Amino acid sequence: YIPAILMYYEVIFLQKHFFIAIPLENDDKQFLQGKTENLKKELQFDRWTHKEDLHITLAFLGASDKERLKDCLNDVETSVRHYGAFSLPLSNFGTFGKKESPRIFWCAPKAEEKLMALQKEVAEKCRKHGYELDQRPYKPHITMARKYSGESVFSSITIDRANQLLEKPHFLTVNRIVLFETKLDEVPKYHELWSIYL
């Protein structure tokens, strides 16, 4: 009876999805929320990201068993200890998907050397433990909204207007990395399970 219960909970755990990311500080969340509030009237997307869910993904792991996840995080923690906190300037807004009907509206930080090196190190440790990560070149971004649903074709002019909101430099604070669990039926939907300060 007890082994059956343990097996049940292990199956439930395996159905969960996990990812490692840089969480945004409260000031940075407030800044982005303020900049995008007026854009919501022009940019008709189905879902706007909850303020507490804003982040920069480093590695999407998907489902995992507990032991592999624990071993991977221990490895990641050891490998990133030499990184110190750093600032990351926001660069621009943009989209993924079809130009006329994008699936993602994002805000990107500059792909600075320290960020790219940190992501590469985290990704290498995850692959070492058998996680199959995205093979495409890493493009750091913060997902602001998903699935364009406007009646008219999406216009790049709107992106140009959005980028004017970033004319005054804003620097994100990067001082830790986090393991998030996705809970699709909750708002906010990303829950912090583990973190390490840089």
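One-based numbering along the sequence shown. Given the structure is predicted, the values throughout are model-derived calculations rather than measurements.
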| query | With hydrophobic residues grouped by side-chain heavy-atom distances under 4.5 Å, do M144 and L165 end up in a single group? | reply | yes
| field | Test item: S195 side-chain N/O and V178 main-chain N/O as donor-acceptor pair under 3.5 Å | value | no
| field | Point-to-point distance, once rounded to the nearest 0.5 Å, from CG of D71 to CG of L73 | value | 9.0 Å
| Is the number of heavy atoms from other residues, nucleotides or ligands under 6.0 Å of K51 NZ greater than 12? | yes
| Chi angles and distances behind the side-chain contact (heavy atoms from CB on, under 4.5 Å) call for K16, H191 | CA-CA 11 Å; K16 297 177 180 179; H191 294 254; over 6 Å; no
| Rounded distance (nearest 0.5 Å) linking atom CZ of F18 with atom CD of E181 | 5.0 Å
| To the nearest 0.5 Å, what is the distance between CD (Q33) and NE2 (H50)? | 8.5 Å
| message | Give me the atom names and distance for the closest heavy-atom approach of P23 to F180. | response | CB-CZ, 4.2 Å
| field | Main-chain N/O of Q44 paired with S149 side-chain donor or acceptor, under 3.5 Å | value | yes
| said: Testing K128, K125, K70 one by one against D75 for a side chain to side chain donor-acceptor pair (under 3.5 Å), which residue passes? | reply: K128
| query | Looking only at heavy atoms, which two atoms of A63 and Y131 are closest? And how far apart? | reply | O-CE2, 4.1 Å
| Chi angles and distances behind the side-chain contact (heavy atoms from CB on, under 4.5 Å) call for R161, T158 | CA-CA 5 Å; R161 284 200 293 269; T158 308; 3.8 Å; yes
| said: How about NZ on K98, more than 12 heavy atoms from neighbouring residues, nucleotides or ligands closer than 6.0 Å, or not? | reply: no
| field | Side-chain (Q135) to main-chain (L133) donor-acceptor, under 3.5 angstrom | value | yes
| task | Would you please test L166 and F93 for side-chain contact (heavy atoms from CB on, under 4.5 Å) and show each step? | result | CA-CA 9 Å; L166 298 178; F93 288 100; 3.7 Å; yes
| said: As an exercise, state the distance from CG of L172 to CD1 of I22, rounded to the nearest 0.5 Å. | reply: 9.0 Å
| task | Measure up the Y190 and H55 rings against each other and bin them: parallel (under 30°), tilted (30 to 60°), perpendicular (over 60°). | result | perpendicular
| message | Please determine whether side-chain contact (heavy atoms from CB on, under 4.5 Å) holds for the pair K183 and D185, giving the CA-CA distance in whole Å, both sets of side-chain angles, and the decisive distance to 0.1 Å. | response | CA-CA 6 Å; K183 295 187 177 181; D185 58 342; 4.1 Å; yes
| field | Reported CZ-to-OG1 distance for the pair R47 and T143, which is rounded to 0.5 angstrom | value | 11.0 Å
| said: Are L54 and L90 linked, directly or through intermediate hydrophobic residues, by side-chain heavy-atom contacts shorter than 4.5 Å (ILVMFWY only)? | reply: yes
| field | Distance, nearest 0.5 Å, that separates CG of N163 from OG of S91 | value | 8.0 Å
| said: Is it the case that atom CD in E132 sees more than 12 heavy atoms from other parts of the structure closer than 6.0 Å? | reply: no
| query | Any sub-3.5 Å donor-acceptor pair from Y83's side-chain atoms to A117's backbone N or O? | reply | yes
| said: Can you tell me how the ring of F105 sits relative to the ring of W48, calling it parallel under 30°, perpendicular over 60° and tilted otherwise? | reply: perpendicular
| query | Around atom NZ of K114, are there more than 12 heavy atoms of other residues, nucleotides or ligands at under 6.0 Å? | reply | yes
| said: Students often mix this up, so state it plainly: with edges at 30° and 60°, are the rings of H141 and W106 parallel, tilted or perpendicular? | reply: tilted
| Same cluster (ILVMFWY, side-chain, under 4.5 Å), L58 and F86 | yes
| field | Hydrophobic cluster membership, L88 vs V80, 4.5 Å side-chain cutoff | value | yes
| said: Could you see if I142 belongs to whatever hydrophobic cluster contains F19? Use Ile, Leu, Val, Met, Phe, Trp, Tyr and a side-chain cutoff under 4.5 Å. | reply: no
| With no hydrogens and no angle check, is any side-chain donor or acceptor of D28 less than 3.5 Å from a backbone partner on T173? | yes
